2 protein chains.
Amino acid sequence: MPTGDHEQPSVRSGPPRPTLKTIAEMSGLAVATVSRALADDPKIAEATRKRVAEIARLIGYEPDRAARRLRTGRTMVINLILDPHFEVLGFGNALLVGLTGALEGTGYNLVVTPHFTEEDVLPPIRRIVTNRQADGLIFTRTAPFDERVRFLMEQGFPFVCHGRTEFTEPHPWVDHDNEAFAYAAAGRLVAQGCQRICALLPPESLTFRQHLRYGLMRAVRETGVEFHIPDEVTLDSPMDRIQAWAQAIATTPDSPDGFICGGEASWLAIRNGYRAAGQGARFRAVAKSISGILSQIDAGAEVIHEDIEEAGRLLGDHLLRRIAEPHLPPPQTLQAPVIQFRD
Amino acid sequence: MPTGDHEQPSVRSGPPRPTLKTIAEMSGLAVATVSRALADDPKIAEATRKRVAEIARLIGYEPDRAARRLRTGRTMVINLILDPHFEVLGFGNALLVGLTGALEGTGYNLVVTPHFTEEDVLPPIRRIVTNRQADGLIFTRTAPFDERVRFLMEQGFPFVCHGRTEFTEPHPWVDHDNEAFAYAAAGRLVAQGCQRICALLPPESLTFRQHLRYGLMRAVRETGVEFHIPDEVTLDSPMDRIQAWAQAIATTPDSPDGFICGGEASWLAIRNGYRAAGQGARFRAVAKSISGILSQIDAGAEVIHEDIEEAGRLLGDHLLRRIAEPHLPPPQTLQAPVIQFRD
DNA sequence: ACCGAAGATTAAAACGATTCAAATTCCGCG
DNA sequence: CGCGGAATTTGAATCGTTTTAATCTTCGGT
C-alpha cells in the first residue's frame, strides 16, 4: 500500500475526449451554436464559424458517432455481406479494396458481415434493417428472384447488389457482363478448333448462370458447335468433386474438348481431373480470371478478366448516390469483360 | 389528393421500433424497471422479470446499440485491420471465418478496416482508440518493435496481434511457429539431398523474418548444409520481381537446389522463374501453405500448412478474454505447423 | 398501532449530438 | 429616439439506454 494508485476503474483514462461542450466552453458560445457552426450553417456568422472550426481543429474534436447516430438515426455505416466460403480466391479482398477506395473520405465506415450462404440469407439483413445497423447494404451472389432484394425494396432500404435479378421493378446493381464473357470464351474455343464445348456454370440459384448460358447459346447458334452443361457439378462444388467429375468425363467417347470455366478454381480442378485421367494434353479451356493466378500457374492459360476491384468501387459509388438521392432512377452498371487472349 | 398518404418524410417507415418505453407502457412499469428486468437484476422481482422478458420476446425488442453505446461507452464492436494488398491468397478470408466463429453469439460485431501498409499504420488505430470506435482491436503483420503495440499498451486498449514483438512487456498475441516451420522445411530439403538451400523471407520490418531465420540456422548448424538468404527480394515483393530474380539466379554456378518459401505466391513465382530459365526440373521447394492451392497446382508440391482459420478463432477468443478480464496475464498462443509431406 | 427493515419500483440525471422555437443583438431609417 | 426586421445566438427538448438515489409497499415484531 505504498503509492495508492488504486484509482483506475477502467484502465484507459487520459484526458477526457473533447465534445461540443468543450468547444462551447472554450469559445464562450452555446453548444447549439458550436454544433451549427461545425455544420457550416449559414445562419451562423462567418467569423464564428471560422473561430469554432479553428478550435475544433486545435483540440482534435471528432463528433461522437454514437450520439450523432442516436439523434439523427444515421449510422454512417455501409454494410458489406460476404460469404468467405463461396467467394472465389481473392474476390473478397478485391471487393474490399475497391469499396474502401469509394468510401475513402466520405465519413462512411465499412462493416463486413461474414455470412455463410448455407444458412438463410435473410435474417442477418433483417437484423441490419430493423435494427438500423447501417445506412446501406451491399451483397453478392444475387438470385433471379432474390428475397433480399425483394425485402430491401419493400423496406425502402438503400442497397446495391453484385449481380442482377429478374424483378420487373428496377433496383441498383453492378454486374459483370457474363453473357459477353461466355460468348467470347466459346468463340475462342471454336476458333481453336474445339468441337464440343462444356461450360461449368454456377448453380440455378444464381442469376448469372442464365447470363452465361445465353452467351454460350448465342455462340452455339452462330457456329453450330456442340455443347454440354453438366448438372452433376457447379462452380460452387468443392474442387475435389469437380476434379473427380472431370476425371470421369475425360475418357468418355463424347468427352468435351473445350471448357468454359466460370472461375479459377474450376479451371484448376478440371485440369487436374484431365491430368489424373491421363488426358492432360487434351485439356483446353477459357476461364474467368479474378486474381490473375491462372496465368501464373500456366503461362498458356486463356483467360478473360473480371475487374472486381472496379466492381467494388462501383458498388460503393452507387450506394452512396442511392443514399444521397433516393428519388433518382437506381444506378446500374454492367462491366465489360477484359479479354486477354494471347494472339 | 384522394388518399392523402403524403406523410412519409423518410421512405422507410413501418411500425416504430419497440423501445424500453414501449415495453414500459405495455406492462405498466417504469422504463427503469424494464431496463433492470431485462438485465436480470436480482433486485427486480422474479415474476416481473419473467413478464418483461415475455413481452420483449413477443414484440421483438432489441436494445438500440447507439443508445447503449452512448450511455455505457461500450461499442460491442471488434475491429480487424487488414491489408488487402499484402495479405496472401485466402489469408483474409480464412481469418474472417475463424473470427466470425469466435464472435458468434457473443453480441460482438466485427468491423473490418482495410488499411494499406504503404501508409502509416498508426493513424487509423489512433482514430479507433481515441474515438472509441471499438472495444478491441486485431491486426496482423506485427513488427519487432511495433508502434501499434506500443501505443495500445500505453493506452491500455484491448488488442491481440497476429505475430509477436520483441518488447519485454508481455502482450496478447497469436502466432505461427515459424521457427519450427523453417527448421522442418530445411530438414526435409536436406533429407532429399539438397546441398544449398535458399530461404525467401519476409522483409526486415516483420518479426517473423527472424523466427524463420532461426529455424533455418538451427537446421544449418545441425546438418552443415549451405544456405542463402537473398536481400533483393522478400515475400512482399511483387510476383514478377520474384520470378525475374529466380530466373536470373537459376543458372548461376552456385544456384540453390532447394527453396524454403514463406508463402504460396513466392513458391509459384520461383517455380516460374526456374521454368523460364529452362531449369524447371531442378526446382525443389517446401512452402508454407495457407489456402492449400499449391497441392492443386502441383500434386507433388511439398507444403507445411498454417491454419489461419484457427488463428482467427484464437485471436477472437483471446481478445474477448482480454476485454472481460484485463487483469489476467495476456493470452498468447503459438500455433504448431501442420506438416503434410507425402512420405 | 407503530417502527424499521427488507423488498420492489421509480424519478431523474446523465451520455453527446441535432434542431425547433424563442431570445438577443445589431442596424438603418423614419 | 425608438421601431422593425434581419442577423445571430441560445435554451430546451429529444434520441434510447443505464444507473444513482430516492420513494413506495409490505410485513414481522413489539
Side-chain angles (χ1 to χ4, degrees), chain A residues 9-10 12-13 15-53 55-56 59-77 107 130-133 135, chain B residues 9-10 12-13 15-53 55-56 59-77 107 130-133 135:
Chain A
S10 164
R12 181 167 60 275
S13 49
R17 214 167 98 70
T19 71
L20 286 185
K21 195 159 150 221
T22 319
I23 302 185
E25 279 159 4
M26 293 179 66
S27 63
L29 293 167
V31 171
T33 315
V34 176
S35 174
R36 314 196 100 128
L38 287 174
D40 242 351
D41 185 329
K43 306 202 134 194
I44 300 298
E46 179 72 25
T48 311
R49 273 183 277 169
K50 276 232 175 66
R51 194 157 58 93
V52 169
I55 299 184
I59 64 178
Y61 167 78
E62 289 230 31
D64 183 297
R65 292 184 103 97
R68 179 177 275 182
R69 173 167 165 182
L70 177 60
R71 177 61 228 244
T72 65
R74 305 198 63 191
T75 64
M76 296 308 278
V77 161
T130 64
N131 240 69
R132 288 209 186 67
Q133 308 260 44
D135 295 340
Chain B
S10 164
R12 181 166 62 272
S13 51
R17 215 166 97 71
T19 71
L20 286 184
K21 195 157 152 225
T22 319
I23 302 185
E25 278 160 4
M26 292 179 68
S27 63
L29 293 167
V31 171
T33 316
V34 176
S35 174
R36 316 197 98 128
L38 287 174
D40 242 352
D41 185 328
K43 305 202 135 193
I44 300 298
E46 178 73 25
T48 310
R49 273 182 277 169
K50 276 233 175 66
R51 195 157 57 92
V52 168
I55 299 183
I59 65 177
Y61 166 79
E62 290 230 31
D64 182 297
R65 292 184 103 97
R68 180 175 275 183
R69 174 168 165 181
L70 177 58
R71 177 61 227 239
T72 66
R74 306 198 60 192
T75 63
M76 296 309 279
V77 160
T130 64
N131 241 80
R132 287 209 186 67
Q133 307 261 44
D135 295 339

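Protein chains get the first letters and strands the later ones, always in sequence-line order, with residue 1 at the start of each. All of these numbers come straight from a predicted model, not from anything done at the bench.
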inquiry  = Between D41(A) (side chain only) and K43(A) (backbone N and O only), is there a donor and an acceptor less than 3.5 Å apart?
reply    =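 Yes, because the side chain of D41(A) sits within donor-acceptor range (under 3.5 Å) of the backbone of K43(A).
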If you check the [X] side chain, which of [options] turns out closest?
| X | options | answer |
| --- | --- | --- |
| R71(A) | dA21(D), dT9(D), dC15(D) | dC15(D) |
| L70(B) | dT9(D), dT19(C), dG16(D) | dG16(D) |
| A45(A) | dT9(D), dG16(C), dT10(C) | dT9(D) |

inquiry  = Applying a 4.0 Å non-hydrogen cut-off, can you work out what T19(A) is touching in the nucleic acid: base, sugar-phosphate, or nothing?
reply    = sugar-phosphate
task = Have a look at T72(A) and say if it touches a base, only the backbone sugar-phosphate, or nothing, with a 4.0 Å heavy-atom cut-off.
result = sugar-phosphate
note = The answer to which of L20(A) and A32(B) contacts DNA chain C further toward the 5' end, by nearest nucleotide, is A32(B)
Euclidean distance, K50(B) NZ relative to I55(B) CD1, rounded to 0.5 Å = 14.5 Å
ask   = For the atom pair CZ (R65(A)) and CZ (R69(B)), what is the distance rounded to the nearest 0.5 Å?
value =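 If I round to the nearest 0.5 Å, the distance is 8.0 Å.
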query = Is there a donor and acceptor pair closer than 3.5 Å between the side chain of R36(A) and the base of dT10(D)?
reply =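 Yes, a donor-acceptor pair under 3.5 Å.
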Within-4.5 Å side-chain heavy-atom neighbours: R49(A) and D40(A) =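 Result yes, sub-4.5 Å side-chain heavy-atom pair found.
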query = Do V34(B) and K21(B) come within less than 4.5 Å of each other through their side chains, counting heavy atoms only?
reply = no
Stretch residues 62-69 of chain B: residues that reach within less than 4.0 Å of DNA chain C through a heavy atom = none
Phosphate-side-chain proximity, T33(B) and dA8(C), N/O vs OP1/OP2 below 4.0 Å =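 Checking dA8(C) against T33(B), no side-chain N or O comes under 4.0 Å of OP1 or OP2.
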message = Below the 4.0 Å mark, does dT18(C) have OP1 or OP2 next to a side-chain nitrogen or oxygen of S35(A)?
response = yes
inquiry  = For T130(B) and E62(A): C-alpha separation, side-chain torsions, deciding distance, then whether side-chain contact (heavy atoms from CB on, under 4.5 Å) applies.
reply    = CA-CA 9 Å; T130(B) 64; E62(A) 289 230 31; over 6 Å; no
request  = Mind running side-chain contact (heavy atoms from CB on, under 4.5 Å) on I59(B) and I23(B) for me, showing each step along the way?
outcome  = CA-CA 9 Å; I59(B) 65 177; I23(B) 302 185; 3.8 Å; yes
key: Five-pair end axes of the helix from dA1(C)-dT30(D) to dG30(C)-dC1(D) and the angle they enclose, rounded to 10°   = 80°
